[in-house]
Amino acid sequence: MLAEIKGLNEECGIFGIWGHENAAQLTYYGLHSLQHRGQEGAGIIVADQGTLQGHKGLGLVTEVFHNDTLQALNGAAAIGHVRYSTAGGGGYENVQPLLFRSQTGSIALAHNGNLTNAIDLKLQLEAQGSIFQTTSDTEVLAHLIRRSQAPTFKEQVKEALSYVEGAFAFLLLTEKELYIALDPHGFRPLSIGRLGDAYVVASETCAFDVIGATYEREVEPGELIIISGEGMRSERFAPMRPRSICSMEYIYFARPDSNVDGINIHTARKNLGKRLALEAPAEADIVTGVPDSSISAAIGYAEATGIPYELGLIKNRYVGRTFIQPSQSLREQGVKMKLSPVRGVVAGKRVVMVDDSIVRGTTSRRIVAMLREAGATEVHVRISAPPIMHPCFYGIDTSTREELIASKYTVEEIRQIIGADSLAFLSQEGLLEAIGRPDHLPLRGQCLACFTGNYPTNVSRARLPFTAVK
Ligand code: SF4
């Protein structure tokens, strides 16, 4: 599905490298492959001969960085970030990595996720005299590190990490070391790889492929990895809890060529489509997927039912950030600019339209109408995930509860609202079994909170990261 028209967005992507003379350029390529995780801003900080320096800006990676900016970033270690403006809102000052300078040394921070106790911590820190430069959650960690009385920098980092709650994958670069940390539940994916003698870390393994690095392993929940001139060492800042990796990474966010915990995303989505076909078959002539993220599930659905897969919808790839958003009266036209039905394929056909989620329902309604206008005689909507009924506090913009159509209406009512001939969602069991993570873990180590309302952490005082920007 098209995130920008659907209201379902990832928070961020992070990339880091240690021990390579072209650190900034490789980070640029890594970030480019993670662009789907955030398009609002991008930044790179390098460690160069005892100092940290960087460049960041609003826009796509290719808009923010040019040859001359990259060539000015010398050094053998770097961290980078692509941002979707969420917690704290947009604006240049919130583009990461954030850089903090002090007499005792500088630190750069890049974060993917959402800290559920950030407001409480900020209030406490401000009461103790801290002044925040940004409205981003991430800055909280820097203040906690600076205020720690622990004897070593590593112990200060560990102490700071023990105070923050929620979902976080952090990269922290100093002049001498690269720190990598994943929250004790492991909500977000984070992998370690090697490129020759260099170490690399990224939100998704597709970033390794693009620079020719080899995958080594996942960062474990509660693990703190420290990379320096002496190599890599692993410690813990918190006991490992049962993993709760975000199910939406498999369903929707991650790139099809990435592997999360050893499971290829395209394969997982195809299996979701196959399972959906078993649970909710349809009498139809063709199966089509809503590009890009639903195509794999549609192929799986087609394979399992024997109904041919066809390219019934195409996405206009050249709708950039500067696309003039339509006014309310031109919204229908706006969706058509981004997505078009292939009239010659769907006309006169009974169509199964596979999608990965329904958030507010407005986009599904428009696509169903579009297929009918193009001549489809029937439109059967199949969703390769359970209904999203609860908001996410862990860094995914799934809207507020009031905006989620499945929190207010039954499946039959949603069918009527979106104008489909039939509608079915995948079951929770189907989701877990089709993705196929280890079955000895509770919920196979997945977070299902936006489907079930059972949050793996205490969110009673958490606020939604996204309401600030809407
Ligand atoms: S609540 Fe949903 S979107 Fe958020 S981390 Fe859990 S599975 Fe992912």
Side-chain angles (χ1 to χ4, degrees), residues 1 3 6-14 36-38 84 86-87 111-118 137 164-169 182-190 203-204 218 221 241-255 258 260-261 263 265 268-269 272 293-294 355-360 383-407 425-437 441-460 462-467:
M1 171 54 82
K6 190 174 194 176
L8 190 60
N9 293 284
E10 173 62 270
E11 188 167 336
C12 300
I14 54 178
H36 58 288
R37 300 181 73 88
Y84 164 66
T86 54
H111 169 213
N112 173 210
N114 183 54
L115 305 182
T116 51
N117 62 342
D137 281 7
V164 293
E165 292 172 6
F168 55 87
L182 186 64
D183 70 74
H185 293 269
F187 285 101
R188 299 280 142 238
L190 192 61
S203 294
E204 286 185 42
E218 303 292 309
R241 306 263 170 76
R243 185 137 203 206
S244 298
I245 186 140
C246 172
S247 295
M248 294 305 286
E249 294 282 353
Y250 290 101
I251 297 163
Y252 170 71
F253 289 116
R255 246 173 58 160
S258 287
V260 174
D261 256 354
I263 296 174
I265 295 297
R269 287 182 191 155
L272 292 171
S293 56
S294 307
D355 202 353
D356 45 49
S357 48
I358 297 183
V359 181
R360 298 186 194 105
I383 305 296
S384 59
I388 298 177
M389 302 172 78
H390 304 272
C392 174
F393 295 96
Y394 304 123
I396 303 295
D397 181 0
T398 51
S399 299
T400 60
R401 181 136 202 231
E402 303 71 56
E403 291 171 319
L404 294 168
I405 192 170
S407 76
F425 291 84
L426 186 66
S427 67
Q428 284 168 30
E429 305 71 51
L431 173 77
L432 294 173
E433 284 172 26
I435 292 173
R437 289 174 53 86
L441 296 172
L443 298 176
R444 292 183 182 252
Q446 282 176 232
C447 176
L448 298 176
C450 50
F451 311 122
T452 62
N454 296 324
Y455 295 93
T457 66
N458 179 1
V459 293
S460 57
R463 55 96 180 83
L464 281 179
F466 306 95
T467 45

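Each residue takes its place number in the sequence, starting with 1. Order of listing sets the numbers, starting from 1, for every ligand and every atom in it.
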Look at the side chain of [X] and the backbone N and O of [Y], then say whether any donor-acceptor pair between them is shorter than 3.5 Å.
X	Y	value
Asn112	Ala169	no
Tyr250	Ile245	no
Arg188	Tyr394	yes
Arg37	Tyr84	no

Quiz item: With a 4.0 Å cut-off on heavy atoms, does His185 reach ligand 1?
Solution: no
Quiz prompt | Residue list, side chain to side chain contact (heavy atoms under 4.5 Å, CB included) with Cys450, at least two apart or on another chain | solution = Met248, Ile388
Exercise. Could you tell me which residues satisfy salt bridge (Lys or Arg N to Asp or Glu O under 4.0 Å) with Arg437, sequence neighbours excluded, listed by chain and number?
Key: Asp261
Exercise. Could I get the full list of salt bridge (Lys or Arg N to Asp or Glu O under 4.0 Å) partners for Glu429, not counting sequence neighbours?
Key: none
Quiz item: Which ligand 1 atoms are under 4.0 Å away from a heavy-atom of Arg188?
Solution: 5 (S)
Exercise. Give me the protein N, O or S atoms that fall under 2.8 Å of atom 8 (Fe) of ligand 1, sorted by chain and residue number.
Key: Cys246 SG
